[in-house]
Asks: 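Dropping a structure here in structure tokens format, bear with me for questions.
All of these numbers come straight from a predicted model, not from anything done at the bench. All values below come from the heavy atoms of this structure, side chains included, with hydrogens, waters and symmetry mates left out.
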Amino acid sequence: MINSNANALGIIFPNSYDSLVPELVAERLMASIPFAGRYRMVDFILSSMVNSGIDNVSLIVRKNYHSLMDHLGSGREWDLTRKNGGLNIVPPFAQKTVKVYNGRVEALASVIDFLKSQKEKYVVMADTNIAVNFDFSAMIDFHIATNADVTLAYTEQELPTSVIEDDNLNGDLYYTLRTEDGHVKKIYVNSKEHGVQKFSMNIYVISRELLIKQISTAFVRGYSYFERDILMPHLDELNVQAFKHEGYAARITDVKSYFDENMKLLDEDNLDALFSVSPIYTKIRDDNPTRYIGSAKAKNVMAADGCVIEGEVENCVLFRGVKIAKGAKVKNCVLMQDTVVEEGATVEYIISDKRVTITAGKEMRGTDTFPVYVAKHQVV
């Protein structure tokens, strides 16, 4: 783990894009959605910041944050248990100025006094809807080299169909870019264009002093959105640079994409692309290694620690503590922590939340285009 100070502090918005996955965030937020067997979505951005030397990180939460606080704790696993800086979770009403915010401007305005009291030169801001092993050091170096006022990261990809067709994003806007020689010349809000786009990752680098100035002005004027209300009207005045992310990125835009992005990690090339660049840290759960008992059969399975497999499993992502009983058949599924599939049950194309039980002899099937989601603690 790199402990050098990158002269930047991190701010993470854990509730961004909750509206895209209402089933998964009924009792949690986007940042604490389980992903890739033993991780949460927040682990990727938080670990990337720590690996880049950012050791002062604040998370401005809005609602449903109990699971996030339980997961992060004091920040020990990320080496963020520190006297100065470290991990700072900012819940609503923690102070008189901290309220339930609507947009990024309101969120940042609620911690403006905190920003003024810090010493780092730069602020790095990010959401948690993308599982990515991101090099923040390279982005900060790019920001300095180009003498940018603001640098934003993007990927080149087609817009997900679910995003294009969703007319009810409940305030969670997405942005695409038009650039010239690296300069951002135009930002489009909720584009419906098909084909490869420069799709913003909502990752930004900006000087702390400039951020304080812009947020103070925008908040007084009643603005809500950093991109729409601050960046877009001032693209001619500010030097806004675009930083292209070339590596692997798993973007969650709906429940189907959550299923697909988990399943993609069964391909070793994708798995290596996400995890081999730098380590990804997560909360430790002391458990036994996965056990395959008796006539168990497993093919193309990602199984976290604590799993017990006695039946047949194929093309599945199994989180910690999943139990597949003798005679059960599980195929093309994402089963979260402590899911139990009892004897003789058959499940296919299922997303089970934590502590779900599929009772003996039951048959449940979704399809590759419509995986069936089973809510937390349900007994089917």
Side-chain angles (χ1 to χ4, degrees), residues 10-20 30-31 45 58-60 62 101-112 115 122-130 132 134 136 139 142-143 146 148-157 159-160 163-164 166-180 182-193 197-208 210-245 249 251-253:
I11 296 181
I12 297 174
F13 302 92
N15 287 98
S16 294
Y17 298 103
D18 281 357
S19 64
L20 298 180
M30 175 66 78
I45 285 294
S58 294
L59 295 94
I60 310 177
R62 186 167 56 194
Y101 61 87
N102 290 317
R104 208 179 300 252
V105 169
E106 291 183 11
L108 291 167
S110 70
V111 295
I112 202 77
L115 290 173
Y122 301 105
V123 176
V124 174
M125 300 186 291
D127 296 330
T128 56
N129 65 309
I130 304 176
V132 59
F134 195 86
F136 284 101
M139 187 174 178
F142 176 86
H143 178 83
T146 56
D149 294 310
V150 182
T151 300
L152 58 86
Y154 71 94
T155 57
E156 285 194 343
Q157 64 178 95
L159 298 182
V163 169
I164 293 177
D166 192 343
D167 294 322
N168 185 28
L169 289 171
N170 293 323
D172 285 328
L173 307 179
Y174 64 91
Y175 305 93
T176 54
L177 318 171
R178 179 171 63 82
T179 64
E180 293 179 12
H183 291 263
V184 178
K185 293 298 183 182
K186 184 77 173 178
I187 298 177
Y188 302 96
V189 180
N190 293 1
S191 170
K192 303 298 182 183
E193 295 293 324
Q197 310 281 320
K198 292 178 179 177
F199 197 0
S200 173
M201 300 176 73
N202 290 2
I203 295 175
Y204 301 92
V205 176
I206 184 173
S207 75
R208 183 173 55 85
L210 178 59
L211 180 64
I212 292 170
K213 177 182 176 182
Q214 293 290 344
I215 293 300
S216 298
T217 302
F219 183 68
V220 168
R221 293 176 178 174
Y223 296 155
S224 296
Y225 297 99
F226 177 77
E227 301 84 354
R228 187 191 69 183
D229 299 329
I230 295 179
L231 291 187
M232 290 175 63
H234 300 103
L235 288 176
D236 293 334
E237 305 164 26
L238 298 173
N239 178 12
V240 181
Q241 292 283 329
F243 178 83
K244 182 179 179 181
H245 174 68
R251 192 186 296 254
I252 307 304
T253 58

Asks: Determine, step by step, whether Met139 and Val124 satisfy the side chain to side chain contact (heavy atoms under 4.5 Å, CB included) criterion, reporting the C-alpha distance in whole Å, the side-chain angles of both residues, the deciding distance to 0.1 Å, and the verdict.
Replies: CA-CA 10 Å; Met139 187 174 178; Val124 174; 6.0 Å; no

Asks: CD1 of Ile212 to OG1 of Thr217: how many Å apart, nearest 0.5 Å?
Replies: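 Reported value, rounded in 0.5 Å steps: 11.5 Å.
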
Asks: When the ring centroid of Phe136 is compared with that of Phe134, is the distance short of 6.0 Å?
Replies: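 Yes; Phe134 has its ring centre under 6.0 Å from that of Phe136.
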
Asks: Under a plain distance cut-off of 3.5 Å, with no hydrogens placed, do Glu193 and Ser191 share a side-chain donor-acceptor pair?
Replies: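 Distance-only check fails for Ser191 and Glu193.
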
Asks: Can you list the steps and then say if Met125 with Leu108 is a side chain to side chain contact (heavy atoms under 4.5 Å, CB included)?
Replies: CA-CA 10 Å; Met125 300 186 291; Leu108 291 167; 3.7 Å; yes

Asks: Do Ser16 and Asn129 come close enough that some side-chain heavy atom pair is under 4.5 Å?
Replies: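 No - every pair of side-chain heavy atoms lies 4.5 Å or more apart.
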
Asks: With a 4.5 Å heavy-atom cut-off, do Asn202 and Phe226 have their side chains touching?
Replies: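 No. Closest side-chain heavy atoms not under 4.5 Å.
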
Asks: Go through the structure and list residues passing ring pair (Phe, Tyr, Trp, His ring centres under 6.0 Å) with Tyr175, not counting sequence neighbours.
Replies: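 In terms of ring pair (Phe, Tyr, Trp, His ring centres under 6.0 Å), with neighbours along the sequence ignored, Tyr175 is linked to no residue.
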
Asks: Sequence neighbours excluded, which residues qualify as ring pair (Phe, Tyr, Trp, His ring centres under 6.0 Å) partners of Phe243?
Replies: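 Phe243: ring pair (Phe, Tyr, Trp, His ring centres under 6.0 Å) contacts with Phe142.
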
Asks: Can you confirm whether Phe219 is buried at CZ, in the sense that more than 12 heavy atoms of other residues, nucleotides or ligands lie under 6.0 Å from that atom?
Replies: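 Open.
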
Asks: With rounding to the nearest 0.5 angstrom, report the CG to CD distance, Leu238 to Gln214.
Replies: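 Those atoms lie 5.5 Å apart.
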
Asks: Show me the pairs that pass salt bridge (charged side-chain N to carboxylate O under 4.0 Å, His left out) and involve residues 236-245, at least two apart or across chains.
Replies: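 Every pair satisfying salt bridge (charged side-chain N to carboxylate O under 4.0 Å, His left out) with a residue in residues 236-245: Glu156-Lys244, Lys244-Glu246.
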
Asks: Answer whether the closest heavy-atom distance between the side chains of Tyr204 and Glu227 falls below 4.5 Å.
Replies: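 Heavy-atom side-chain distance check passes, below 4.5 Å.
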
Asks: I need the minimum non-hydrogen distance between Ser110 and Ile60, along with the two atoms involved.
Replies: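 In terms of heavy atoms, the two residues are closest at OG-CG2, 4.4 Å.
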
Asks: When rounded to the nearest 0.5 angstrom, what is the spacing between CG in Leu173 and OH in Tyr17?
Replies: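 Spacing of CG (Leu173) from OH (Tyr17) equals 7.0 Å.
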
Asks: Measure the spacing between CD1 of Ile45 and CD1 of Ile130 and express it to the nearest 0.5 Å.
Replies: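 Taking CD1 in Ile45 and CD1 in Ile130, the distance rounds to 7.0 Å.
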
Asks: So among Thr151, Leu152, Asp149, which one has a side-chain contact (heavy atoms from CB on, under 4.5 Å) with Val240?
Replies: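 Of Thr151, Leu152, Asp149, side-chain contact (heavy atoms from CB on, under 4.5 Å) with Val240 is met by Leu152 alone.
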
Asks: Which pair of heavy atoms, one from Val105 and one from Ile215, lies closest together, and at what distance?
Replies: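 Nearest pair, atom of Val105 first, then Ile215: O-CG2, 3.9 Å.
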
Asks: Is the shortest side-chain heavy-atom distance between Asp127 and Met30 below 4.5 Å?
Replies: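 No, their side chains stay 4.5 Å or more apart.
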
Asks: Nearest heavy-atom pair of Phe199 and Pro160: which atoms, and what distance?
Replies: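 Smallest interatomic distance, heavy atoms only, reads CE2-CD, 3.6 Å.
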
Asks: About how many Å separate CG of Leu59 and CD1 of Ile12, when rounded to the nearest 0.5 Å?
Replies: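 Here the rounded value is 4.5 Å.
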
Asks: Would His245 and Ile203 count as a side chain to side chain contact (heavy atoms under 4.5 Å, CB included) if you check the C-alpha gap in whole Å, the side-chain angles of each, and the deciding distance to 0.1 Å?
Replies: CA-CA 10 Å; His245 174 68; Ile203 295 175; over 6 Å; no

Asks: What distance do Lys186 atom NZ and Leu177 atom CG have between them, rounded to the nearest 0.5 Å?
Replies: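 Reported to 0.5 Å precision, the distance equals 12.0 Å.
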
Asks: Can you confirm whether Ile11 sits close enough to Val123 that some side-chain heavy atom of one is under 4.5 Å from a side-chain heavy atom of the other?
Replies: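 The answer is yes, as the side chains (C-beta and beyond) meet within the 4.5 Å cut-off.
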
Asks: Quick one: does Glu106's side chain get under 4.5 Å of Ser224's, heavy atoms only?
Replies: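 Of all side-chain heavy-atom pairs linking Ser224 with Glu106, at least one is under 4.5 Å.
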
Asks: Picking from Ile206, Val184, Val150, what satisfies side-chain contact (heavy atoms from CB on, under 4.5 Å) with Leu231?
Replies: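 Filter result, single survivor: Val150.
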
Asks: Report the residues that fulfil ring pair (Phe, Tyr, Trp, His ring centres under 6.0 Å) with Tyr122, sequence neighbours left out, ordered by chain and then residue number.
Replies: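 For Tyr122, the residues satisfying ring pair (Phe, Tyr, Trp, His ring centres under 6.0 Å) (neighbours in sequence not counted) are His143.
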
Asks: Quick one: side chain to side chain donor-acceptor pair (under 3.5 Å) partners of Gln241, sequence neighbours excluded?
Replies: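 If we apply the side chain to side chain donor-acceptor pair (under 3.5 Å) test to Gln241, skipping adjacent residues, the hits are His183, Asn239.
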
Asks: Can you list everything that forms a salt bridge (Lys or Arg N to Asp or Glu O under 4.0 Å) with Asp229? Sequence neighbours excluded, please.
Replies: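 By the salt bridge (Lys or Arg N to Asp or Glu O under 4.0 Å) rule, Asp229 matches no residue at all.
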
Asks: Does NZ or CZ of Arg251 come closer than 6.0 Å to the centre of the six-membered ring of Tyr174, within 45° of the ring's axis?
Replies: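 So Arg251 doesn't make the cation-pi contact.
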
